[in-house]
Amino acid sequence: MRAAVWHGKRDVRVEKVPDPSVVNPRDAIVRVTMSAICGSDLHLWNGFVPGMQPGDVIGHEFMGEVVDIGSQVESLQIGDRVVVLCAIACGRCWYCTHDQWALCDNSNPAGSAQLLDAAYGHAGGALFGYSHLYGGYWGGQSEFVRVPFADVGCIKLDDDAISDDDALFLGDILPTGWMAAEHCNIQPGDVIAVFGCGPVGLFAIRSAFLQGAERVIAIDRVPERLELAKQHGQAEVIDQRDGDVLAKLDEMTGGRGPDACIDAVGMESVDDGPEGVYDRVKQALRLETDRPSALRLAIMACRKGGTVSIPGVFGGISDKIPLGAAFGKGLTFRMGQTHFHRYAKPLLDRIKARTIDPGFVISHRIGLDEVPGAYHMFNDKQDGCVKVVIRP
Amino acid sequence: MSEIDRSPRAGIEARRAVTIQRTRDDVYRLLRRLDNLPKFMEHVTEVRVDDERTSHWAIKEGPVTLHWTAELVEDVPGRRLAWRSRPGGAVTQHGEIELRDAPGGRGTEVHLCVSYRPPLASITPAPLRALLRRYTSAQLGVELGRLRQLLEAGEIAIGAPRVPEKSDTAAALEVAAMIAPLPAHTAAQQTRGGF
């Protein structure tokens, strides 16, 4: 098959690789009909995720058709149209049975789990196409994918009325935006600030309104993303390039600060000020792995007693997190990999009911051969790039 | 040899625990048959059960295979198992498994301790030195992760896209034949009140 293969920092090539096959009894093989490039793939592309090996097939957002199944697969048949959730979960361990699917005890092969145990204390579950810390499973920017525990992580689409455009994002970014809002524990009258208006931020804006937010204020530095937040998301917007984000947020909330702040940026936040320079230098020297400037802003902006929700990916060590401000204001932090399995089916029902139409984030449609160039375009936010989908 | 000697020549003791969503009796039933241990303990090549109390062990270290005979020295059903190598083997091995109820209905805590020592303090042949170097508590942790995968997920997770040379599928199916698989929760079943 052809696949997008990681070779090193800023080096993704489309190559012929062996077709995947059923390895374990609960596996399925899915022929990919649509996949996508995620903002978190940029962390791989930019070389910030350890445990990548040349030859790894990347991509964790994908959907397709079941073309083969293992002997213990019960609920799927060859020919089923499915969306595959990007975190791999066994469905049987304590975490899966307690609705914390992304923390699955059994999906990460023991060798990978040992590395994550060392880095984090305890290992979470595996992910598709996201380094050998998360299992080394091949990903979906390819023609075929081996899907372990297929009964658990495939959402069958028996309704042809749901387009690929709308269904695809059930696998990752739509549940991620939804959980980010849910973590804010939104009460009537709440004002929610969303830092970062990429696809996850845009879905967080929509989710916050659906969960009862009175107002949503969106912050970004890319004009077309702010435009989407305003036009499609009905959010009030702040352009970070105009400066003084904190003063504006304060002013817009009557001096209180937002009730909750969502950091939908994560570890590669961009900041023009001295802090941004500090983070870039330390990151280049490997003295700091993550650049957390959006998180710092979120903490400083949040009202006393408020909540900081972090769907943006962090991987290692961040410097100068104002924990004193968080302590002094009695903030609550909610974060972590999304429990996709918890939200995907209920969100599919919302898509069917037309209360969410996730396809609006798509800005570019490409074939597999165009993937390497698309990484450059997406990373540099050229050509109004918000979300790239791939028809392999 | 002094008891507090921590050099590789003195031997190694690996000790780890894992919590598994199974009853103590289920875990005991699997582990009481010591020939099941190589299904998850990667460093052991083979265990052959000779009779109720004795088993024959083999570990391949490069071109050499280390052999010994072990005797079951403790067997408390659902609670404890311990075995010890008989004198005359290639290595002195001691193993201990303790099963405890995990609090909050979280299944069983499996505490496993394995130690290897040279039979003669003065001579440690190269293959035995290699085993003593590579077997650590961290490696035992990896092996206990595989045990949990077998007993909970019903298979051993592997990231490879194609069937590797050495597949664990047969081992997983043998375990499933001994102990019925757990029911799986799936994303498709999820409905949330008030969503």
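Only this structure's heavy atoms are used, side chains among them; waters, hydrogens and symmetry mates stay out. By convention in this document, chain letters (A, B, ...) are assigned in the order of the sequence lines, proteins followed by strands, and residues within each chain are numbered from 1.
For chain A, the nearby part of B:Gln21 is the side chain; its heavy atoms alone come within less than 4.5 Å. Neither the backbone nor the side chain of A:Asp349 comes within contact range of chain B, judged by heavy atoms closer than 4.5 Å. Residue contact with chain B, scored on non-hydrogen atoms closer than 4.5 Å, involves the backbone and the side chain of A:Thr97 alike. Using a 4.5 Å cut-off between heavy atoms, A:Glu74 does not touch chain B at all. Contacts of B:Ala176 with chain A are absent, with no heavy-atom separation under 4.5 Å from either backbone or side chain. For chain A, no part of B:Leu144 is nearby; none of its heavy atoms comes within less than 4.5 Å. Proximity to chain A (any heavy atom under 4.5 Å) is restricted, for B:Pro164, to the side chain, taken from C-beta onward. A:Arg146 touches chain B through its side chain: at least one heavy atom from C-beta onward sits under 4.5 Å away, while N, CA, C and O do not.
A donor-acceptor pair shorter than 3.5 Å cannot be found between the side chains of B:Gln190 and A:His339. For the residue pair B:Trp83/B:Gln93, the side-chain donor-acceptor check at 3.5 Å is satisfied. A donor and an acceptor atom, one from each side chain of A:Asp56 and A:His132, are located under 3.5 Å apart.
Chain B forms more heavy-atom pairs under 4.5 Å with one residue of A:Pro148, A:Gly153, A:Gly111, A:Pro25 than with any other, namely A:Pro25. Among the candidates A:Val57, A:Val22, A:Asn24, the residue making the largest number of heavy-atom pairs closer than 4.5 Å to chain B is A:Asn24. Here A:Trp94 is the residue among A:Trp94, A:Phe149, A:Phe144, A:Tyr134 with the most heavy-atom pairs under 4.5 Å with chain B. Between chain A and the options B:Leu182, B:Ile156, B:Asp168, B:Ile20, the largest number of non-hydrogen pairs under 4.5 Å is found for B:Leu182. Counting heavy-atom pairs under 4.5 Å between each of A:Arg92, A:His98, A:Arg26, A:His341 and chain B puts A:Arg92 at the top. Residue with the most contacts toward chain A among B:Gly105, B:Ala160, B:Ala157, B:Pro161: B:Pro161 (heavy-atom pairs, distance under 4.5 Å).
Side-chain atoms of B:Arg80 do not come within 3.5 Å of backbone N or O of B:Glu74 as any donor-acceptor pair.
Each of A:Val83, A:Val82, A:Asp80 was checked for a side-chain contact (heavy atoms from CB on, under 4.5 Å) with A:Leu157, and the lone residue meeting it is A:Val83.
Taking OG of B:Ser115 as the start and CD of B:Glu13 as the end, the distance is 6.0 Å to the nearest 0.5 Å. To the nearest 0.5 angstrom, A:Gln337 atom CD is 15.0 Å from A:Trp101 atom CH2.
Residues A:Phe340 and A:His60 place their aromatic rings such that the two centres sit no closer than 6.0 Å.
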### Worked verdict on A:Tyr95 versus A:Asn106 for side chain to side chain donor-acceptor pair (under 3.5 Å)
CA-CA 10 Å; A:Tyr95 291 96; A:Asn106 295 317; over 6 Å; no

